[in-house]
Asker: 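Quick one: the structure is below, questions incoming.
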Amino acid sequence: MEKKAQLPVVVARIILVGFMGAGKSTVGPLLAQQLRWRFLDADRVLESLTGSSIADIFSQQGEAAFRVREAEIVRDLVREQHLVLALGGGAVETAAVRDTLLNTPETCVVFLKAPLDVMISRCEQQPGADIRPVLKDRERLRSRFESRLPHYLNAHLVIETGTLSAEETSQQILSAVSALLKENTLA
Ligand code: S3P
């Protein structure tokens, strides 16, 4: 684990960023359970608010419209305390999201990092792989990953998840933040 930016003095929420297949939605619930915090996945919140799947939003309204909605949801969700929030892999493409990540107090941003081929093969094994819009666009996968990487690297913590289990990843995050928790609710 690498500590990048200065960690906040107090941590009231943790935001997981990283490419598709990095493990955000697997690690997030485990971490939330150990902290006795709530876990939310920004994509699932967006789907329940709009009543449409991410794949349908992409195909019917286009990626730009999806990004606008995604940024609004992130802006609203970061007001919550005691929250572990997983962002969609492309959320950092939007300047407003990056600004929220860098400038929301009491927020620890964690980048789950893994080799691109490992993440792609994890995604391929998951249900719904054939309808994930960004995964389907094979030609642009590597360039998307590379252009997002500098933004992911602005996180407070960078964890290489390629060889770690979800439990080990969650444990590493906990050890980094446990002394900084706003109220210690650790299970
Ligand atoms: C996307 C990743 C997806 C989802 C959408 C776009 C991306 O989230 O937000 O399909 O641009 O990489 P996950 O990273 O949770 O798969």
Side-chain angles (χ1 to χ4, degrees), residues 1-2 4 13-35 38-48 52-59 62-64 66-67 69-71 73-74 77 83-94 97-98 100-101 108-174 176:
M1 180 182 51
E2 199 185 335
K4 299 271 304 176
R13 67 191 70 74
I14 295 174
I15 303 187
L16 304 178
V17 301
F19 207 65
M20 283 180 298
K24 296 161 289 175
S25 336
T26 322
V27 171
L30 278 176
L31 181 62
Q33 193 185 25
Q34 282 168 301
L35 288 162
R38 191 166 173 219
F39 170 73
L40 289 174
D41 182 314
D43 283 341
R44 302 292 84 76
V45 174
L46 198 159
E47 288 181 327
S48 71
S52 302
S53 69
I54 302 290
D56 284 346
I57 299 172
F58 261 74
S59 65
E63 180 169 348
F66 167 77
R67 297 288 169 213
R69 206 69 185 92
E70 178 181 53
I73 281 171
V74 175
L77 291 177
L83 173 71
V84 177
L85 175 66
L87 297 192
V92 297
E93 284 189 13
T94 308
V97 172
R98 299 198 296 269
T100 300
L101 295 181
C108 177
V109 182
V110 182
F111 170 31
L112 302 185
K113 184 170 185 247
L116 183 60
D117 53 341
V118 170
M119 294 187 285
I120 294 173
S121 81
R122 284 179 186 161
C123 289
E124 279 166 343
Q125 286 158 32
Q126 291 165 1
D130 50 333
I131 56 158
R132 287 173 90 160
V134 170
L135 184 66
K136 281 197 302 182
D137 190 0
R138 286 305 161 111
E139 282 181 11
R140 289 182 59 207
L141 268 183
R142 180 161 295 278
S143 63
R144 277 193 192 257
F145 175 63
E146 283 167 3
S147 67
R148 291 172 185 180
L149 195 52
H151 302 309
Y152 293 144
L153 286 168
N154 278 330
H156 299 99
L157 300 175
V158 177
I159 304 190
E160 296 272 352
T161 70
T163 55
L164 293 182
S165 66
E167 287 78 10
E168 289 166 330
T169 304
S170 166
Q171 206 48 55
Q172 287 210 4
I173 301 170
L174 276 178

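Scope of the values below: all heavy atoms of this structure, side chains included, with no hydrogens, waters or symmetry mates.
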Asker: Quick check: do Ile173 and Val27 have side-chain heavy atoms less than 4.5 Å from each other?
Answerer: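 Contact flag for Ile173/Val27 side chains = yes.
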Asker: Quiz question: by atom type and distance under 3.5 Å, do the side chains of Thr94 and Glu70 form a donor-acceptor pair?
Answerer: no
Asker: For Lys24 and Leu87, which heavy atoms make the closest approach, and how far apart are they?
Answerer: NZ-O, 3.2 Å
Asker: Could you state the interatomic distance from OG (Ser48) to CD1 (Ile73), rounded to the nearest 0.5 Å?
Answerer: 8.0 Å
Asker: How many angstroms lie between CZ in Arg98 and CZ in Arg148, if you round to the nearest 0.5 Å?
Answerer: 11.5 Å
Asker: Taking the side chain as C-beta and beyond, is there a heavy-atom pair between Gln171 and Leu164 under 4.5 Å?
Answerer: no
Asker: How far apart are the closest heavy atoms of Leu141 and Val134, and which atoms are they?
Answerer: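 Closest heavy-atom pair between Leu141 and Val134: CD2-O, 3.5 Å.
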Asker: Between the main-chain N or O of Ile54 and the side-chain N or O of Glu47, is there a donor-acceptor pair closer than 3.5 Å?
Answerer: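 At least one qualifying donor-acceptor pair exists.
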Asker: Does Ala166 offer a backbone N or O that forms a donor-acceptor pair with the side chain of Ser170 under 3.5 Å?
Answerer: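 No, Ser170 side chain to Ala166 backbone: no donor-acceptor pair under 3.5 Å.
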Asker: Examine distances only and state if a side-chain atom of Glu93 and a backbone atom of Gly90 form a donor-acceptor pair shorter than 3.5 Å.
Answerer: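 A pair under 3.5 Å: no.
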Asker: Classify the angle between the aromatic ring planes of Phe145 and Tyr152 as parallel (below 30°), tilted (30 to 60°) or perpendicular (above 60°).
Answerer: tilted
Asker: Could you tell me if the side chain of Asp41 sits less than 4.5 Å from the side chain of Phe39, heavy atoms only?
Answerer: yes
Asker: Any donor-acceptor pair under 3.5 Å linking the side chain of Arg142 with the backbone of Glu139?
Answerer: no
Asker: For residues Pro115 and Gly162, report the shortest heavy-atom separation together with the two atoms involved.
Answerer: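 Shortest heavy-atom contact: CD-CA, 4.3 Å.
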Asker: Does the side chain of Val109 reach to within under 4.5 Å of the side chain of Val17, using non-hydrogen atoms?
Answerer: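 Sidechains of Val17 and Val109: in contact.
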Asker: With a 4.5 Å cut-off on side-chain heavy atoms, are Arg122 and Thr161 touching?
Answerer: yes
Asker: Quick one, Met119 and Met20 - any side-chain contact, counting heavy atoms below 4.5 Å?
Answerer: no
Asker: Do Gln172 and Leu157 touch side chain to side chain, with heavy atoms closer than 4.5 Å?
Answerer: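 Side chain of Gln172 against side chain of Leu157, heavy atoms only: no contact under 4.5 Å found.
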Asker: Set out, in order, the CA-CA distance, both residues' side-chain angles and the distance that settles side chain to side chain contact (heavy atoms under 4.5 Å, CB included) for Phe111 and Leu149, then state yes or no.
Answerer: CA-CA 10 Å; Phe111 170 31; Leu149 195 52; 3.8 Å; yes
Asker: Report the C-alpha separation of Asn154 and Leu101 in whole Å, then their side-chain angles, then the decisive distance to 0.1 Å, and conclude whether the side chain to side chain contact (heavy atoms under 4.5 Å, CB included) test is met.
Answerer: CA-CA 9 Å; Asn154 278 330; Leu101 295 181; over 6 Å; no
Asker: Is it the case that atom CD in Glu146 sees more than 12 heavy atoms from other parts of the structure closer than 6.0 Å?
Answerer: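 Count over threshold, so yes.
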Asker: Nearest 0.5 Å, what's the CG-CG distance between Leu85 and Leu77?
Answerer: 5.5 Å
Asker: I need the Arg69 CZ to Asp43 CG distance, nearest 0.5 Å.
Answerer: 12.5 Å
Asker: Looking only at non-hydrogen atoms, find the nearest pair between Ile57 and Ser52 and report the distance.
Answerer: CG1-CB, 3.8 Å
Asker: For residues Cys123 and Ala129, report the shortest heavy-atom separation together with the two atoms involved.
Answerer: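 Closest approach of Cys123 to Ala129: O-CB, 3.4 Å.
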Asker: Which value, rounded to the nearest 0.5 Å, describes the distance between Leu35 atom CG and Leu30 atom CG?
Answerer: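 Going from CG on Leu35 over to CG on Leu30, the span is 11.0 Å.
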Asker: Do Arg144 and Asp137 pass the side chain to side chain contact (heavy atoms under 4.5 Å, CB included) test, and can you show the C-alpha distance, the side-chain angles, and the key distance before you say yes or no?
Answerer: CA-CA 10 Å; Arg144 277 193 192 257; Asp137 190 0; 4.2 Å; yes
Asker: Report the distance from atom CG of Leu40 to atom CD1 of Ile15, rounding to the nearest 0.5 Å.
Answerer: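 Answer rounded to 0.5 Å: 11.0 Å.
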